[in-house]
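What you see is a predicted model; the values in this text were computed from it and never measured.
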Amino acid sequence: MMRWRGWRAGLFWIVSRTATCAYRAFPFRGYLPGAIAIIPRGRQFVVIDRSDGFGLAFPGGVGRRGEDPARTVLREVREETGLEI
């Protein structure tokens, strides 16, 4: 369920969903490598609240051109959570 946080959040949700569907239909950049981190904390896991309305997710994201997947995970975790792993 999407939580609306004003008109900007609604507009962002519409644009992000449209872009996701469009890229699935027309992948102009080809394969986009990505990585996620599953970080346990005791009996729980570190998750983030996505800003695009897709709910909770593990930290991660798309790798840069030629970037090693391990470096992608380190960078994305630092950007999204502030944690150094």
| Between R17 and T20, is any pair of side-chain heavy atoms under 4.5 Å apart? | no
Do T81 side-chain atoms and R78 backbone N/O form a donor-acceptor pair below 3.5 Å?
no
Joining Ile, Leu, Val, Met, Phe, Trp and Tyr whenever any side-chain heavy atoms lie under 4.5 Å apart, the cluster holding V77 also takes in I39, V46, V73, L74, L83, I85
Sequence neighbours excluded, the answer for side chain to side chain donor-acceptor pair (under 3.5 Å) partners of E84 is none
More than 12 heavy atoms of other groups within 6.0 Å of E79 CD: yes
By side-chain contact (heavy atoms from CB on, under 4.5 Å), F58 pairs with (sequence neighbours left out) I36, I38, F45, V47
Smallest heavy-atom separation, A35 atom then P69 atom, equals CB-O, 3.9 Å
When rounded to the nearest 0.5 Å, the distance separating CZ of R50 from CD of E80 is 8.5 Å
Query raised in the report: Within a strict 4.5 Å, meaning less than it, do heavy atoms of the R64 and R75 side chains meet?
Result: yes
